[in-house]
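So that the names make sense, note that chain A is the first sequence line, chain B the second, and so on, each numbered from 1.
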Amino acid sequence: MGLRLYNTLGRSLQEFEPIQPGKVGFYGCGPTVYNYAHIGNMRMYVFEDTLARALRYLGYEVTHVMNITDVGHLSGDADSGEDKMVKSAQERHKSVLEIARYYTDAFFADEAKLNILRPDVVCNATEHVDDMISLIRRLEANGYTYFSGGNLYFDVSKFPSYGEMAGLKLDELKAGARIEVDANKRNPYDFVLWFTKSKFEDQALQWDSPWGRGYPGWHVECSAMSMKYLGEQFDIHAGGIDHVAIHHTNEIAQSEGATGKKWVNYWLHGEFLVLDKGKMSKSAGGFLTLKTLTDAGYEALDYRYFLLGAHYRSQLQFSYDGLDSARASRRSLVERVLALREKLHGGEPTPLATLCPAAKARLVAFKAAIEDDLSTPRALAELWGVLKEQGVSAADALGAAFDMDRVLGLGLESLAREAQAAVDPALAAELDALVAERAVAKKAKDYKRADAIRDELKARGVILEDSPAGTSWKLAPSVAGATPSVAGATPSVTGATPSVAGATPPGSAPRA
RNA sequence: GGCGCCGUACCCAAGCGGUAAGGGAGAGGUCUGCAAAACCUUUAUGCGGCGGUUCGAUUCCGCCCGGCGCCUCCA
């Protein structure tokens, strides 16, 4: 059985068939970089990453394209959210482009922490204005546009299937008009392709165009850039559920209006992360970033694990209780993997081809879960299953688990017990001495002294573990073990300019 | 007003016509001087409520109750 995905186009689970056998063109909506990404945003990118990983796992050659929206409302509302950081950014940088660059770097730093693989192509809207202009010219030539009040609009009445994916009905549009309709529009659903009259007084970025100096409408960027890197027809477009009705609907109209061909075959939409009070937004407060979580003592991968526990198409309720649970769970997972690794005594995990039947069965079930519209919760259950199952050797368990982790991205294979050498040698010697002293006290049945030593060490963040083989010590969980060294997701972003990534042709970008 | 989603054990969360995955937490056990850690075992005759279809429904249909999202350049 092959991969089945829930396609918003048709609202059903569909067998995935790429345009070109074995290859997948995948465009995922990226961030708007005028502020930090919050953890709700990051849920989306973990989903897109899971999709890209799953496709590769299933043997497809994937070209994953992500846009960076660095044009639009960069000037207007930079004072919302976390003002201090924004202000300092504004002070340190001189242009909106640099602010965009600042948040782009912050975004990719978060992605790296979450073990999200960098897309093959990352493209900035500001570097593709020419492509957008040519796309708009094609639309103009095909008769889909009109100029009114200084802006160029897309005329949805000329595009009969407008709103099909979202189930919009053009003749009922007036019912939904609770916001003031732009008087220049012929139809409330019409949208701007090119602005020359900026909504924002101090719109900083402007380009010359056949319609005058101005800047592109938001929707155009995705159409133009996706087609540039993936061709006029490609396989998958993913994004947030909120984009179905407007953004993606408009993208479809623009793209198909320009080419006259079907544009994207599969539309995948991720559901929201919601808070007790409702969804996360800047205005309503509760703007949590990855940094909020890591400052509170969680690791980024705890959050990834938390996300993997729910299906991407279900709303997921965020809570610190839930995150605590995910953290405890992941720690236990990490501990188990490390213990199995130690059991191997430096040996290698079993290659897939020679796995024992029980481990193999888990892997088959895992693949089935992934193929069933990316059911990461079930996939996770299989991971646990293979790690806990009696009669599966450490080598077999790890062989299967590491393979599964290619999709899950929990950094299992690169886990390593914190080397004793990493601890200050003087401290290590002192701890060893105390442990030895306690052993002597225990032997003499001086439990008072033995417990005193144990309590003292505990207060210092050192945990003792007694076992038949003797006593060992380790540093408390906050430092123990779980930070993977993520291959390919290194902080190269701090140095690299987004434009470099944007200029890289498909396929040749460095990937993990 | 229009469109859509969801309600499963103490918590998170799968399953979506054949008799309830997984994790967390709790409980019991092994080990221990006692703990901790680790490991093992265990926890829903039940899936918001009421009807209906069916040999059979958590899974399909209807109604009701409760919660949420989108229709604003929000993921």
Exercise. Report yes if the ring of A:Phe272 lies under 5.5 Å from the six-membered base ring of B:G69 with planes under 30°, and no otherwise.
Key: no
Quiz item: Across all strands shown, which nucleotide pairs with B:A44 by Watson-Crick or G-U wobble geometry, both distances under 3.5 Å?
Solution: none
Practice problem: Pick the C1' atom in B:U53 and in B:G23, then give their distance to the nearest Å. | Solution: 37 Å
Quiz item: Does B:G22 pair with anything, Watson-Crick or G-U wobble, both distances under 3.5 Å, and if so, with which nucleotide?
Solution: B:C12
Quiz item: Going by an N to O cut-off under 4.0 Å, is there a salt bridge joining A:Arg304 and A:Asp49?
Solution: yes
Quiz prompt | Rounded distance in Å - CG (A:Leu323) to C1' (B:G24) | solution = 12 Å
Quiz item: In the structure shown, which nucleotide is the Watson-Crick or G-U wobble counterpart of B:G1, with both distances under 3.5 Å?
Solution: B:C71
Practice problem: Using only heavy-atom distances, decide whether a donor-acceptor pair under 3.5 angstrom links the side-chain of A:Asp242 to the base of B:G4. | Solution: no
Quiz item: Would you say a side-chain N or O of A:Arg313 is under 4.0 Å from OP1 or OP2 of B:C6?
Solution: no
Quiz item: Can you find a side-chain donor-acceptor pair between A:Tyr305 and A:Ser329 that sits under 3.5 Å?
Solution: yes
Practice problem: For B:A14, take OP1 and OP2 only and decide whether either is under 4.0 Å from a side-chain N or O of A:Ser314. | Solution: yes
Quiz prompt | Rounded interatomic separation in angstrom, taking CG from A:Asn151 and C1' from B:C73 | solution = 13 Å
Quiz prompt | Heavy-atom pair with the smallest gap, counting every atom of A:Glu382 and A:Met404 | solution = O-CE, 3.8 Å
Quiz item: Where each residue is assigned the nucleotide of RNA chain B containing its nearest heavy atom, which of A:Lys442 and A:Asp372 is assigned the position nearer the 5′ end?
Solution: A:Asp372
Practice problem: Report yes or no: is there a donor-acceptor pair, N or O only, under 3.5 Å between the side chain of A:His269 and the base of B:A75? | Solution: no
Quiz item: Distance-only, no hydrogens or angles: does the A:Arg11 side chain make a donor-acceptor pair with backbone N or O of A:Met165 under 3.5 Å?
Solution: yes
Quiz item: Does B:G62 have a Watson-Crick or wobble partner in any strand here, with both distances under 3.5 angstrom, and which is it?
Solution: B:C50
Self-check item: A:Asp190 side chain to A:Lys185 backbone, donor-acceptor under 3.5 Å
Solution: no
Quiz item: Across all strands, who's sitting opposite B:A37 as a Watson-Crick or G-U wobble pair, both distances under 3.5 Å?
Solution: none
Quiz item: Is A:Arg454 side chain donor-acceptor paired with the B:A35 base, going by distance under 3.5 Å alone?
Solution: yes
Exercise. Look at A:Gln317 and B:G67 and indicate whether a side-chain polar atom (N or O) is within less than 4.0 Å of OP1 or OP2.
Key: no
